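Structure, as structure tokens:
No experiment lies behind these values; they were computed from the predicted model shown. Proteins come first, then strands; the chains are lettered A, B, ... in the order of their sequence lines, and each starts at number 1.
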2 protein chains.
Amino acid sequence: MLGGMAWDTERTKRLLLDAAVDEFAAHGPEGARIDRIATAAGVNKERIYPYFGGKQQLFAAVVQRELEQLAAAVPLEEPDGGTVDLPEYAGRVFDYHLAHPHLLRLLQWEALCGDGSAPVAGEGRRAAHYAEKVAAVSRARRGSGGAGDAARGEVQLPPADLLYAVIALAGWQFAAPQLARMIIGGAVDADPAARRAAVVDMVRRLAL
Amino acid sequence: MLGGMAWDTERTKRLLLDAAVDEFAAHGPEGARIDRIATAAGVNKERIYPYFGGKQQLFAAVVQRELEQLAAAVPLEEPDGGTVDLPEYAGRVFDYHLAHPHLLRLLQWEALCGDGSAPVAGEGRRAAHYAEKVAAVSRARRGSGGAGDAARGEVQLPPADLLYAVIALAGWQFAAPQLARMIIGGAVDADPAARRAAVVDMVRRLAL
DNA sequence: GGGCATTCCAACCCGCCGGTTGGTGGCTTC
DNA sequence: GAAGCCACCAACCGGCGGGTTGGAATGCCC
């Protein structure tokens with residue numbers, strides 16, 4: 001039609017996926033409406049079925065693509081040459097969630113709708129990804145362990161717990177904004193920089 | 001009929017609420033089915049409308065009741081005279097989530113289904129409740145602030161941030177079990193005591 | 001016994017929504 | 001031009017599910 005360029009099936013699929021990300025993130029696999037996705041994409045809804053098979057498969061495709069984009073946007077190795085600043089990393093995780101609120105919502109829908117104990121799609125790859133991050137944290141901390149803290153009788157937190165804390169502290173206020181709003185007083189949207197600074201500060205204290 | 005005791009409207013309402021908790025926690029306000037709730041309660045579904053008004057109101061009633069139960073079961077102030085042990089409080093929050101997985105799921109559904117910025121049902125009371133907790137934390141810390149930490153140039157974390165951290169650290173592994181499983185290696189179910197200890201330890205470090 | 005409220009049962013209405021189908025026209029390839 | 005795929009449009013189907021209604025049984029109060 002007005003877009004003119006027919007014959008580009010990849011573009012059609014991409015338009016559908018783009019619209020589906022918004023719709024699924026907003027309403028979840030149950031509440032999402034096929035018609036809304038098609039309308040938002042500027043594509044007829046029937047196109048979904050030859051390309052993806054149905055609503056559930058479209059949701060799976062959306063989650064998969066978002067995870068791939070995450071893996072591409074957040075590389076394992078630090079680009080600046082190997083030094084790992086964990087509090088700053090927490091800040092970047094916060095930034096990512098702030099800029100891409102879809103991902104966490106999709107993961108929450110996945111957690112809520114799926115069986116809690118059953119492995120999710122692509123769990124193997126994703127677990128390996130996190131194991132790599134834990135290893136990176138462990139590597140980075142081995143050198144930076146201050147003797148002063150050791151003198152205080154403190155034992156460092158296990159790297160996995162630390163990574164868990166980073167993700168929880170950075171992510172919780174996006175996952176449960178109504179709680180964060182009621183506790184903090186202002187929403188995340190009110191002053192993102194302050195929230196980011198708080199997360200960075202908390203991780204800094206934990207990483208001692 | 002078989003229950004015999006008709007005429008006990010409170011009992012009927014309670015039966016409906018009990019069944020609704022399970023149904024809503026499992027499927028959310030959209031995916032929940034009125035018929036399933038009524039059947040599980042052993043009550044006819046029409047009873048819902050005179051008592052609660054509809055599906056959404058029933059969901060709100062369920063959330064409210066569960067929150068009241070949490071507040072009653074996990075007080076912040078020690079009953080033995082007002083001392084506040086924040087790490088231990090985090091541990092008790094963890095215990096509560098472990099024993100009552102419904103609550104956090106309900107809050108997640110609420111967060112996902114509701115408009116992110118619009119106030120949720122009963123937000124005023126709930127916000128006041130959290131403000132009270134923040135005040136208690138603030139009161140408790142004023143005395144315990146170690147001079148040693150001040151000598152190190154450390155400023156204490158704001159009480160609200162601290163309470164936020166407690167709730168986030170204790171709750172995240174129940175809210176996103178698949179992430180926790182992939183990061184930590186074992187699920188929460190595998191070794192709850194270890195996870196609890198980790199949460200308590202992290203809060204202890206933050207509360208310094 | 002006569003009102004009145006509560007509950008059960010059993011349909012029923014109606015809108016929504018996932019998915020399908022048939023027809024038309026355009027673009028590409030041969 | 002003929003064949004074939006791609007996309008649009010429009011209508012349609014069928015089931016599901018929230019919510020409603022009417023009728024009958026039962027217990028409470030006067």
In this structure, how many angstroms lie between the [atom2] atom of [N] and the [atom1] atom of [X], rounded?
X: B/Arg47; N: C/dA5; atom1: CZ; atom2: P; value: 12 Å
X: A/Leu16; N: C/dG19; atom1: CG; atom2: P; value: 14 Å
X: B/Tyr51; N: D/dG19; atom1: OH; atom2: P; value: 18 Å
X: A/Phe52; N: C/dG18; atom1: CZ; atom2: P; value: 16 Å
X: A/Asn44; N: D/dA11; atom1: CG; atom2: P; value: 13 Å
X: A/Gln57; N: C/dG18; atom1: CD; atom2: C1'; value: 12 Å
X: B/Ile48; N: C/dT6; atom1: CD1; atom2: C1'; value: 16 Å
X: A/Leu15; N: D/dC8; atom1: CG; atom2: P; value: 9 Å

Does [X] pair with [Y] as a salt bridge, N-O distance under 4.0 Å?
X: B/Asp161; Y: A/Arg195; value: yes
X: B/Glu68; Y: B/Arg126; value: no
X: B/Asp18; Y: B/Arg14; value: yes
X: A/Asp95; Y: A/Arg92; value: no

Query raised in the report: Should we say atom CZ of A/Arg125 is surrounded by more than 12 heavy atoms from elsewhere, each under 6.0 Å from it?
Result: no
Query raised in the report: Is there a side-chain polar atom (N or O) of B/Thr9 under 4.0 Å from OP1 or OP2 of C/dA5?
Result: no
Show me the protein contacts with nucleotides 13-15 of chain C, counting only N or O atoms at under 3.5 Å.
none

Report task. Determine the contact category for A/Gly53: base if any of its heavy atoms lies under 4.0 Å from a base atom, sugar-phosphate if only primed atoms, P, OP1 or OP2 are that close, otherwise nothing. Result -> nothing
Query - Mutual orientation of the aromatic rings belonging to A/His97 and A/Phe174 [parallel < 30°, tilted 30-60°, perpendicular > 60°] - result: tilted
If you restrict it to nitrogen or oxygen atoms, what contacts under 3.5 Å exist between nucleotides 21-25 of chain D and the protein, and what is each distance?
unit_1, atom_1, unit_2, atom_2, d
D/dT21, O4, B/Glu46, OE2, 3.4

**Report entry** Footprint string (nucleotides 13-18 of chain D, 5' to 3'): B base within contact, S backbone only, - free, heavy atoms under 4.0 Å
**Finding:** ----SS
